[in-house]
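Both counts, for ligands and for their atoms, begin at 1 and track the order of listing. Positions are given from 1, in the same order as the sequence printed here. No experiment lies behind these values; they were computed from the predicted model shown. Excluded from the calculations below are hydrogen atoms, water molecules and symmetry mates; all remaining heavy atoms, backbone and side chain alike, are included.
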Amino acid sequence: MTTAAMDGARHPGDDEAPHRVLLDAGWSTAWRPAPAREGTTGAERVRELAAGGYAALPVPEEFGGAGASLAEVAAAQRALGTADPSAAVALNMHAFTVGLMADYWQRHRDTSWMLLEGIARTGALVASAFAEPGGSPNFMSSRSEAVPTTKGYRVTGTKYPCSLATTATLVCLTARVAGTDETILALCPRSSPGLTVEGEWPSLGMTGSDTARLVLRDVELDDRLVFHRGPADVIDDNVVSGMVWFAVLLSATYHGVLGALLDEAYRQVTGAGAYGPRTALLGRATRELLTLGGACRQLAADVTSGAIAGRAALAAAVGLRASLSDTRDRVLGAVTPVIGSRLYGRGQRAAHLLVDSLAVHHHPPSLLTCDEAVGAFCTGREISFDPAG
Ligand SMILES: Cc1cc2nc3c(=O)[nH]c(=O)nc-3n(C[C@H](O)[C@H](O)[C@H](O)COP(=O)(O)OP(=O)(O)OC[C@H]3O[C@@H](n4cnc5c(N)ncnc54)[C@H](O)[C@@H]3O)c2cc1C
């Protein structure tokens, strides 16, 4: 069963529970996920959500989208994370990529609006393929190879794991230009000859996220679809903006997932079953999530207002990403004795949420690099995402 199929396990009273008054304050979104239909596969659920307006959420209104800000997209991701972790983690890749494209358009006012308009018009999804087999501790470098041609590049490589593998219309991917130290970032139609989906990702959780292996064999890439190129370790406005969007949306997504787990825990101790140690543990888990949520919304607000920018924003985003992982572990530590062995039970919603939330440790930037990156900024050194460097 996918986690999508467990959607109905949320209870009607969850939204009014006192801990929800604390946790939900300040998260505002007009978009709400429709409930999953019984028996829907992960890919079907993702398609339905995209067609229901999600794909166009971050696209500016003048191009037919909802014009949602970073904070508003984050609130939508959080709502989806509570209802359906797998769909949320998959659509997070689309939301972050399209959010970055919208931000790019705001900064450059170039022809990228045509892509944004196409996404809003068709509800097309954009996957983001950085990870490669053997680990990707430095998300800014790539082993896939792009050979220059008269019209653009010919790309060969494997992207794995990649969410939205069968549901995306476009794939945003990285590749190293042959014989140089330059990396390109380009949008590649998923229907391109030579681009195939070969096998799902055999993960324990997030099983409805349409995550699989993408293989590219001599895929022709039109130069007009290359929207960024440069040496692998050069940090520019696109890297900063991409990291901010990714870290904020990822944190909001898992804030939603962990909130659903907290709902499970609180449900267990209301009434006669509530007594001292459990109340304290729930209080601890709740304050952890409250702090994470506040930091997430604050970063979104500060970047949007310009209060923080450039490398400081990058360091703050990387810090948020690492703190998210820490918070996940602390929340789990607190709720484990409260929920008890249901957390370890096959088919239990709480156990699904535990395993889904474990995925948080395996998103970029790698936890091998986060603290070093924040420390480097604070001691006046260059930020690097290469754990070897
Ligand atoms: C639910 C989910 C969805 C995802 N969706 C996407 C997506 O859509 N697009 C995308 O680009 N990425 C996606 N990712 C992948 C993510 O970006 C990571 O790059 C990937 O999971 C690798 O994580 P890691 O923990 O192995 O970290 P890494 O930092 O890559 O590796 C950690 C350490 O393990 C080593 N290592 C890793 N793999 C191996 C191996 N096979 N053999 C030997 N050593 C190894 C590394 O060298 C390193 O020392 C997703 C991840 C999750 C959890």
Ligand 1 contacted by S128 (non-hydrogen, < 4.0 Å): yes
Shortest protein contact, atom 33 (C) of ligand 1 (heavy atom only): L368 CD1, 4.3 Å
Within one Ile-Leu-Val-Met-Phe-Trp-Tyr cluster: L23 and V248, side-chain cutoff 4.5 Å: yes
Ligand-residue contact atoms, ligand 1 with S366, heavy atoms, under 4.0 Å: 29 (O)
T158 side chain reached by L214 side chain, heavy atoms, under 4.5 Å: no
Derivation and outcome, ring-ring contact (aromatic ring centres under 6.0 Å, His included), residues Y254 and H363: CA-CA 12 Å; Y254 283 96; H363 294 282; 5.5 Å; yes
Sub-4.0 Å protein heavy atom near atom 29 (O) of ligand 1: yes
Donor-acceptor side-chain pairing of S144 and E132 below 3.5 angstrom: yes
Side-chain donor-acceptor pair present, R321, S325, cut-off under 3.5 Å: yes
Within-cut-off N or O pair, H363 and ligand 1, under 3.5 Å: no
A131-ligand 1 polar pair, N/O distance under 3.5 Å: yes
Atom 6 (C) of ligand 1 protein-contacted, heavy-atom criterion under 4.0 angstrom: yes
A129 N/O under 3.5 Å from ligand 1 N/O: no
Nearest neighbour in protein (non-hydrogen) for atom 24 (P) of ligand 1: H362 ND1, 3.9 Å
Under 3.5 Å donor-acceptor, S142 side chain and T174 backbone: yes
Working for ring-ring contact (aromatic ring centres under 6.0 Å, His included), residues W245 and F96: CA-CA 6 Å; W245 271 82; F96 128 77; 8.6 Å; no
Those atoms of ligand 1 less than 4.0 Å from some heavy atom in A359: 53 (C)
N or O pair under 3.5 Å between F130 and ligand 1: yes
Nearest protein heavy atom with distance in Å, relative to atom 12 (N) of ligand 1: P161 O, 3.2 Å
Charged N-O contact under 4.0 Å between K151 and D223: no
Between Y160 and T211, a side-chain donor and acceptor under 3.5 Å: no
Sub-4.0 Å protein heavy atom next to atom 26 (O) of ligand 1: no
Under 3.5 Å donor-acceptor, R143 side chain and P133 backbone: yes
Test item, G134 contacting ligand 1 (heavy atom, 4.0 angstrom): yes
Polar side chain donor-acceptor pair, Y153 to R229, under 3.5 angstrom: yes
T253 versus Q77, side-chain donor and acceptor atoms under 3.5 Å: yes
Atom 31 (O) of ligand 1 [closest protein heavy-atom partner, distance rounded to 0.1 Å]: G135 CA, 4.2 Å
Distance from atom 3 (C) of ligand 1 to nearest protein heavy atom, with residue and atom: S163 OG, 3.4 Å
Numbered atoms of ligand 1 (with element) below 4.0 Å of M93, judged on heavy atoms: 7 (C), 8 (O), 9 (N)
W201, any N or O under 3.5 Å of ligand 1 N or O: no
Shortest protein heavy-atom distance from atom 17 (O) of ligand 1, along with the residue and atom involved: P364 CD, 3.0 Å
